[in-house]
Amino acid sequence: MSAMPSTRARRTRRVARYLLVTALVAAAYGGGVATEVVGSGAGGGPNASQPAASTADRGVLDEAAARIMSEAASPVTKETLERAAVNGMLRALGDRWSKYFQPSEFASFTERLEGRYSGVGAWLRLDDQDRVLVAAVQDASPAQRAGMVAGDRVVQVDGHGVADRSLLDVTDQLRGPVGSVIDVEVVRDGVRHSLSITRGELESRDVTVTRLQGDTEVVRVAAFTRGVGREVRDAVVQSPAGSGIVLDLRANPGGLITEAVEVAGAFLDGGPVVSYEKRGAPAQELDALSDGVTTVPLVVLVDDGTASAAEIVAAALQDRGRAVIVGSRTYGKGSVQEPSTLSDGSALELTVGKYRTPSGRVIDGVGVAPDIAVRPSLGPTAAETRAVEVLRGLVAASDTADRG
């Protein structure tokens, strides 16, 4: 029997879902680096009739590619070698956040950040035993119409088991062209169910507002896709007088840094939110607008799934003394990824720097420690209950101060 994965190993597997939406400094821009991999062939291969360039002109990379294409027993295409070469160069960086996207992958990645995608409309998570569970199902989505419900345990996708696959792999397999069909097997209450789901065009619903009894409002932000900042601002402005807000950032993988700055700014009256420094460039500071609501009591709820842009929001509100942070230590992804497109429509996303919080903290590899810790083993309900208790204490204290 294999050993159970360590806590860190489970966190590393969970972070696969964070790659669905990583923190970006800017949206993808044109241009970039075009890599010429393949020169002309040698010997009796398919390119033998082409004039050979000198080794000095081609370089070792092109020379090796030409030899492989013309002499290797197993045929290989130019495109395959190019992809392998780019991925090999990225591995040399020793940075798991730097990635290479095929054109279709990059288009899908960009769509997700814009808050739209094609798929089934279900969110997945890992439980404490690294089993794939359905965390939530979007209303009126293909998944809901097929009978999928939150809490289902996913065991197979299109005939392939999911036990040894990352959450990212399983999630990506659920996405696909509109109108295509995918078969998913789930276990519910010990009974296996086979679901046939026709993928559709979906819009992310990354901000939900729940009004609890009395003086508490929970604003849940699932990811920082386009428009999330405006939605959170609207929720804050419309909250009832005398109420408090729990900003729930648990399992939030990040997203667009501009949206994160706007969310933090909804609770701040200007001032710094985050800074970052790229190689060879001066540090750049991103500030909140001077129109946030600073009087509403605020608690930010986090866990080890809170990552990247979500950590920026939590750290900024903590450093600025604006919120009480409740939950468990966040994941610790505080690096800046910036994408650039290549000549064929593919793209590189490279780590170009690290974020710093308003007080100068680097959270990469460290995370954000909560002001009030709640053991993860107690479960998500315990953390939310504690956050609401803390918030109601802040509301009561604010009322007393106003009367005083």
Side-chain angles (χ1 to χ4, degrees), residues 21 23-27 113-115 204-212 215-249 252 254-276 283-302 306 308-326 334 336 355-361 363 368 371 387 390-392 394-395 397-399 401-402:
V21 273
L24 303 181
V25 176
L113 290 173
E114 292 295 330
S204 299
R205 297 176 184 175
D206 291 319
V207 179
T208 55
V209 180
T210 305
R211 186 73 46 78
L212 301 183
D215 50 11
T216 302
E217 195 168 68
V218 178
V219 179
R220 162 76 178 146
V221 181
F224 289 97
T225 51
R226 188 79 62 195
V228 160
R230 173 182 44 76
E231 292 185 57
V232 172
R233 279 182 170 273
D234 290 345
V236 173
V237 170
Q238 295 168 11
S239 60
S243 67
I245 292 177
V246 172
L247 180 64
D248 188 354
L249 300 180
N252 183 316
L256 294 168
I257 185 61
T258 50
E259 299 295 333
V261 171
E262 186 169 0
V263 167
F267 304 98
L268 297 169
D269 186 19
V273 173
V274 67
S275 62
Y276 64 94
Q284 181 174 345
E285 185 175 278
L286 302 178
D287 293 342
L289 298 176
S290 300
D291 60 354
V293 176
T294 60
T295 56
V296 175
L298 177 64
V299 169
V300 178
L301 189 54
V302 299
T306 304
S308 200
E311 292 177 281
I312 287 170
V313 173
L317 295 173
Q318 185 181 55
D319 278 7
R320 300 284 301 276
R322 180 60 184 90
V324 177
I325 312 299
V326 175
V336 186
Y355 292 117
R356 288 187 180 272
T357 72
S359 68
R361 288 186 291 164
I363 59 177
V368 178
D371 300 308
V390 172
L391 181 64
R392 286 177 174 164
L394 295 176
V395 170
S398 177
D399 290 344
D402 290 341

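All values derive from a computational prediction rather than experimental measurement. Only this structure's heavy atoms are used, side chains among them; waters, hydrogens and symmetry mates stay out.
Looking at residues two or more places apart in sequence or on another chain, you find a side-chain contact (heavy atoms from CB on, under 4.5 Å) between R392 and L212, D215, T216, V388. When the side-chain contact (heavy atoms from CB on, under 4.5 Å) test is applied to R356, the partners found at least two apart in sequence or on another chain are S275, V362. Partners of V293 under the side-chain contact (heavy atoms from CB on, under 4.5 Å) rule, at least two apart in sequence or in another chain, are V236, T295, V296.
Side-chain N or O atoms of D319 include one that pairs as donor or acceptor with a backbone N or O of S359 at under 3.5 Å. Here the side chain of Q238 pairs no donor or acceptor atom with the backbone of A235 at under 3.5 angstrom.
The heavy-atom pair separating N252 from A223 by the smallest distance is ND2-N, 3.5 Å. Pairing each heavy atom of P358 with each of P272, the nearest pair is CG-O, 3.5 Å. Nearest heavy atom pair, residue D287 against residue V261, reads O-CG1, 3.6 Å. The two residues V300 and A323 come nearest to each other via the heavy atoms CG2-CB, 3.8 Å. Here the closest heavy-atom approach between residue R320 and residue G271 is recorded as NH1-C, 3.4 Å. Among all heavy-atom pairs drawn from A387 and L301, the shortest one is CB-CD1, 3.9 Å.
Summarising the geometry, atom CD1 belonging to I312 is positioned 12.5 Å from atom OG1 belonging to T306; distances are rounded to the nearest 0.5 Å. The distance from atom CD of E114 to atom CG of L256, rounded to the nearest 0.5 Å, is 7.0 Å. Note that the CD atom of E231 and the CD atom of E259 stand 9.0 Å from one another [nearest 0.5 Å]. The CZ atom of R230 sits 11.5 Å away from atom CZ of R233, with the distance rounded to the nearest 0.5 Å. Rounded to the nearest 0.5 Å, atoms CG (D269) and CG (L289) are 10.0 Å apart. To the nearest 0.5 angstrom, R211 atom CZ is 6.5 Å from S243 atom OG.
Side chains of E217 and P240 form a contact here, defined as non-hydrogen atoms less than 4.5 Å apart. V390 has its side chain out of reach of V246: every pair of non-hydrogen atoms, C-beta onward, lies at least 4.5 Å apart. In this structure the side chain of R220 never reaches within 4.5 angstrom of the side chain of T210, judged on heavy atoms.
For the side chain to side chain contact (heavy atoms under 4.5 Å, CB included) with F224, the qualifying choice from V313, T258, D206, I257 is V313, the only one to do so.
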Evaluate side chain to side chain contact (heavy atoms under 4.5 Å, CB included) for V273 paired with L268, printing each intermediate quantity in order. CA-CA 9 Å; V273 173; L268 297 169; 4.3 Å; yes
